[in-house]
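Ligands are counted one by one from 1 in listed order, and the atoms in each one are counted from 1 as well. In this chain, numbering begins with 1 at the start of the sequence shown. Since the model is a prediction, treat every value here as computed from it, not as a measurement. What you see below is based on every heavy atom in this structure, not just the backbone, and it leaves out hydrogens, waters and symmetry mates.
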Amino acid sequence: MTATATQTLESINPATGEVVGSVPVTPVEDISAIVARARDAHSAWNALGLDGRLSLMRPIADRLIEKASDIGTLITAEMGKSTPEGQGEASYGASKFASELVSAFEAFQPEELADENTRSMLFRDPLGVSVAITPWNFPMLMPQQCILPSLMAGNCVVFKPSEETPLVGQAYADVLNEFLPEGVLQIVHGADDQGKALVTSDINLVAFTGSREVGAKILTACGPELKRVVLELGGKDALIVLEDADIEAAASFAVQNSFRNSGQVCVSTERVYVEESIADDFEKLVLAKTSTWKQGDPTDETVKIGPMVSSMQRDIVLTQLEQALKDGAVLRCGGGTHGNYIEPTVLTGCSHDMQIMHDETFGPICCIQRFSGDKEAVALANETPYGLGGAVYGKVEHAMKIARQLTPGMVGINKACGGAQGTPWVGACQSGYGYHSGRDGHRQFTQVRMVSLPIHEVKPKY
Ligand code: NAD
C-alpha cells in the first residue's frame, strides 16, 4: 500500500504488483467533523429502537450474499488469499449476517431481576459513537464483528479498514450504506495517523482487531478519558500432539492450520509440541502433507497458498526464519522465497531458546518441538504472554485434562479452536482485552443502566 503526494491510497496486488484500485486518504484534520456527523446521527438511530434497527438492517444480509463473490475476488486481489479462502471468507460472512443480527438483538433485550423488596430493570444502552479499526488478514470478517453488533446496539460507527485492504473495506461499507441512514456508518481511509486521530477524538468505544503492540497503544490513548475498548489481538497458538493422538489427523491439522492464508491468521498454529515417542512418525507425515500444498497465483482455484500480503510482511517473516536457522532449528522443507511468496516451511528441532517460539510469526512456518510427558507440554504451551487459541490432539479424556490447564481463551480438542454457534471469540492474557461475538461479546458494545423500584409499586411500561 502506498500513499501518493495527492493523498491517494493505492491498493497493490501482492501476487502481481499491479494496482488493484485506489481510495482517497481521509485528511486527519477532517476526522473530528466525521465523528461529529456520527454523533448527530446517533439520536435518530437510537430512537429507532432494537426492533426498528433489526428491520432496517435485515435486508443487508441478502445484499451481502449477492455481492459475496465480488468481495471474495477483491479479497484475493488485494491481499493474495487463495480463491477458495477468499470466496469462503466473503460467503461465510454474508451467510452469518442475518443470524448475527438476531443474536445481537436478543443479547440487547432488557432484563428484569427482583427480590422480596426490589424490582430492577436492566437496560443495555448504546454508548454513542464507536470506532472500528481492523486488520488486513480477514478484511471482511473482522470489520463485520466490530461493526454489526455496534450498529445493532444503537451506536453510530466510524470504520477504518486496514491500509492494505481499503477496497474490501469500502465495498463492505458501501453495501451496508445502501440501507443505513446517513452518518450511521462512515469510513475513514488511512494508516496509523488516521487510527491515532480516531481513538483520541470525541468517541465512546474503540473496537480494535490487530496486533498486540497497536492494541497496547490504543489502550494507552484511551486511558485518560476512560474510553471503552474491545481489543482482539495477536496470538502464538500451540498445538499439542499427545502420545495417544490420531497422528494422521494431527499432522493434517498442523499443516492446514500453519499454512492457510499463508500463515497470516491470528489463530494459526505457531508452535507444534509433539510427544517424543511419536515424533518421528508425526514429522514424516507433516512433511509428506506439506509437499502436496500447491503454491502460486491465488486466482488459480487449485492453488492453496498465495503470496504474503506485502513485501514488508514477507521480510519480517524471512528475518524470523533466518534467525531461527542461526539459533539451530532444522530446515526440513521450504524456506525459499520469490516475489512476495514464502514457501510452506517446516522446522524441526525447535526449542524455547529460539525467538521464533516466542514472537508471533505471521507466515507459513510450521515449528515443531518435542516434549516428554504432559507436564512439559503444558509448561511449554503456556510459556507465552499471548493467550488466543490452541489445540490438543489425543484421546478425549486425556486431551480434556490438558486443555483445562492451558491459558488461551479458546482451545480445540482434535479440532481448531473456534466454538459452536453463539460462543464468543475470546483472547485471554495479552491476546484480548474484552472480546467479541456471542451474547456476552455483543453486550460489550453497550452500557448497562438500571432502574429499580420497590416491589409493591405497579410495574411501569418500558
Ligand atoms: P496492526 O495492529 O498493525 O494494524 C491494525 C489496524 O490498526 C490497521 O487498520 C492500522 O492502520 C491501525 N493502526 C496502526 N497503528 C495505529 C495506532 N497507533 N492507533 C490506531 N490504529 C492504528 O495489525 P495488522 O498487521 O493489520 O494485522 C495483523 C495482526 O492482527 C496480527 O497480530 C493478528 O494476530 C491480529 N489479528 C487478531 C485477530 C483476533 O481475532 N484476535 C484477528 C485478526 C488479526
One should read off an interatomic distance between C222 SG and Y433 OH, to the nearest 0.5 angstrom, of 10.5 Å
Side chain to side chain donor-acceptor pair (under 3.5 Å) evaluation trace for D237 with T269: CA-CA 5 Å; D237 290 11; T269 293; over 6 Å; no
If you look only at distance, which donor and acceptor atoms sit under 3.5 Å apart when one is on a side chain in residues 357-364 and the other is two or more places apart or in another chain?
residue	atom	partner	partner atom	Å
H358	NE2	H352	O	2.6
D359	OD1	Q355	NE2	3.1
D359	OD2	Q355	NE2	3.4
E360	OE2	G235	N	3.2
T361	OG1	K236	NZ	3.4
T361	OG1	D359	O	3.4

Which protein N or O atoms sit under 3.5 Å from any N or O of ligand 1? Give each pair with its distance.
residue	atom	partner	partner atom	Å
ligand 1	2 (O)	S211	N	2.8
ligand 1	2 (O)	S211	OG	2.6
ligand 1	9 (O)	T134	O	2.9
ligand 1	9 (O)	K160	NZ	3.0
ligand 1	11 (O)	K160	NZ	2.9
ligand 1	11 (O)	E163	OE1	2.6
ligand 1	25 (O)	W136	NE1	3.0
ligand 1	26 (O)	W136	NE1	3.3
ligand 1	30 (O)	G210	O	3.4
ligand 1	32 (O)	E360	OE1	2.7
ligand 1	34 (O)	E360	OE2	2.6
ligand 1	40 (O)	W425	NE1	2.8
ligand 1	41 (N)	L233	N	3.3
ligand 1	41 (N)	L233	O	2.7

E106/R439 salt bridge by N-O under 4.0 Å criterion: no
Salt bridge (Lys or Arg N to Asp or Glu O under 4.0 Å) contacts in which one or both residues fall within residues 187-199, not counting sequence neighbours: none
What donor-acceptor contacts under 3.5 angstrom involve side-chain atoms of residues 129-143, with partners at least two apart or in another chain?
residue	atom	partner	partner atom	Å
S130	OG	S150	OG	2.7
N137	ND2	Q264	O	3.2

